[in-house]
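Predicted, not measured: the structure shown is a model, and the values here were computed from it.
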Amino acid sequence: MNPPKLYIFCGLPFSGKTILAKEILKKEVLVFVSIDDIKFAHGFTWSEDENISAEEWKKIFDESYQKSLEALKAGKSVLYDSANQSKVSRDKLREIAKEASAKTKVIFMNIPEKIVRERWADNKNSRKRFHLPERFFNAAFSNYEPPTPDENLIIFNLKDDVNEWVGENF
């Protein structure tokens with residue numbers, strides 16, 4: 001039996017992490033751990049990120065880590081949907097996987113900054129999904145640490161066909 005895997009998304013806001021996650025989940029049986037879903041379960045909405053206290057964020061992330069660890073220990077692979085913009089955040093998830101004797105792969109959303117900014121601007125008008133205030137959007141760029149090749153990457157590029165990509169990588 002193969003050890004379970006923890007798939008760690010890494011990408012800027014509006015890079016398409018959640019959209020890709022939904023496509024992966026159509027074809028693969030994985031436990032889906034989403035920071036947004038946990039945040040909603042705690043009674044918060046999209047527009048309240050700036051009002052969530054550090055203590056509440058800690059609770060949200062701790063819950064995500066616990067769900068991931070329990071699934072991995074049960075032999076189930078996990079798709080972890082959050083930005084994971086820093087190496088420290090990805091290292092924390094790798095520690096959890098190691099505790100469960102699981103492997104990790106980082107799904108790097110290699111989407112050009114210009115495209116991410118265009119998607120954000122388009123969404124600002126259409127509101128197809130929540131609006132991320134400009135200061136948080138810009139902060140994501142200044143805090144972003146792209147993954148390095150030693151992080152066991154699966155790279156999703158803008159021009160990749162989603163179905164082919166999922167078939168090749170899962």
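- Using modelled atom types, one side-chain atom of Asn152 and one backbone atom of Thr104 make a donor-acceptor pair closer than 3.5 Å.
- Residues Trp165 and Val162 fail the side-chain proximity criterion, which asks for heavy atoms closer than 4.5 Å.
- Under the side chain to side chain contact (heavy atoms under 4.5 Å, CB included) test applied with Lys105, the options Ile154, Ile8, Asn169 reduce to a single match, Ile154.
- Ile155 and Ile24 end up in the same hydrophobic cluster when Ile, Leu, Val, Met, Phe, Trp and Tyr side chains are linked at under 4.5 Å.
- Residues Pro13 and Gln85 are in side-chain contact: their nearest non-hydrogen atoms beyond the backbone lie under 4.5 Å apart.
- Between the Asp160 side chain and the Phe156 main chain, no donor and acceptor come within less than 3.5 Å of each other.
- The CE atom of Met109 lies 10.0 Å from the SG atom of Cys10; values are rounded to the nearest 0.5 Å.
- For Glu164 (side chain) and Asp161 (main-chain N/O), no donor-acceptor pair under 3.5 Å exists by modelled atom type.
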Residue pair Lys59, Glu56: steps toward the salt bridge (Lys or Arg N to Asp or Glu O under 4.0 Å) verdict: CA-CA 5 Å; Lys59 286 179 187 175; Glu56 275 297 324; 3.6 Å; yes
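- At distances below 3.5 Å, not a single donor-acceptor pair connects side-chain atoms of Lys67 with backbone N or O atoms of Ile38.
- The backbone N or O of Trp120 lies less than 3.5 Å from no partner atom in the side chain of Asn123, so there is not a single donor-acceptor pair.
- Clustering ILVMFWY residues whenever any of their side-chain heavy atoms sit less than 4.5 angstrom apart, transitively, puts Leu153 in the very cluster that holds Leu158.
- Side-chain contact between Leu20 and Ile107 is present, with at least one heavy-atom pair separated by less than 4.5 Å.
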After noting the C-alpha distance and the side-chain angles of Tyr80 and Ser68, does the key distance pass the side-chain hydrogen bond (donor to acceptor under 3.5 Å, both in side chains) rule? CA-CA 8 Å; Tyr80 190 92; Ser68 298; 5.8 Å; no
What donor-acceptor contacts under 3.5 angstrom involve side-chain atoms of residues 25-33, with partners at least two apart or in another chain?
{"from": "Lys26", "atom 1": "NZ", "to": "Glu23", "atom 2": "OE2", "distance (Å)": "3.0"}
{"from": "Lys27", "atom 1": "NZ", "to": "Asn163", "atom 2": "OD1", "distance (Å)": "2.9"}

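- A tilted orientation is assigned to the rings of Phe61 and Tyr65, their planes being inclined by 30° to 60°.
- Between Thr148 and Asp150, the side chains place a donor N or O and an acceptor N or O closer than 3.5 Å (distance only, hydrogens not considered).
- The aromatic ring centroids of Phe108 and Phe9 lie 6.0 Å or more from each other.
- Both Ile52 and Ile35 sit in one connected hydrophobic cluster of ILVMFWY residues. Membership requires side-chain heavy atoms under 4.5 Å apart, directly or through other members.
- Heavy atoms of other residues, nucleotides or ligands lying less than 6.0 angstrom from CD1 of Ile115 number more than 12.
- Within the cation-pi definition used here (under 6.0 Å to the ring centroid, within 45° of the axis), Arg117 qualifies as a partner of Phe141.
- At distances below 3.5 Å, at least one donor-acceptor pair connects side-chain atoms of Arg119 with backbone N or O atoms of Ser15.
- Contact of the Lys76 side chain with the Pro4 side chain is not registered, since no non-hydrogen atoms from C-beta on lie closer than 4.5 Å.
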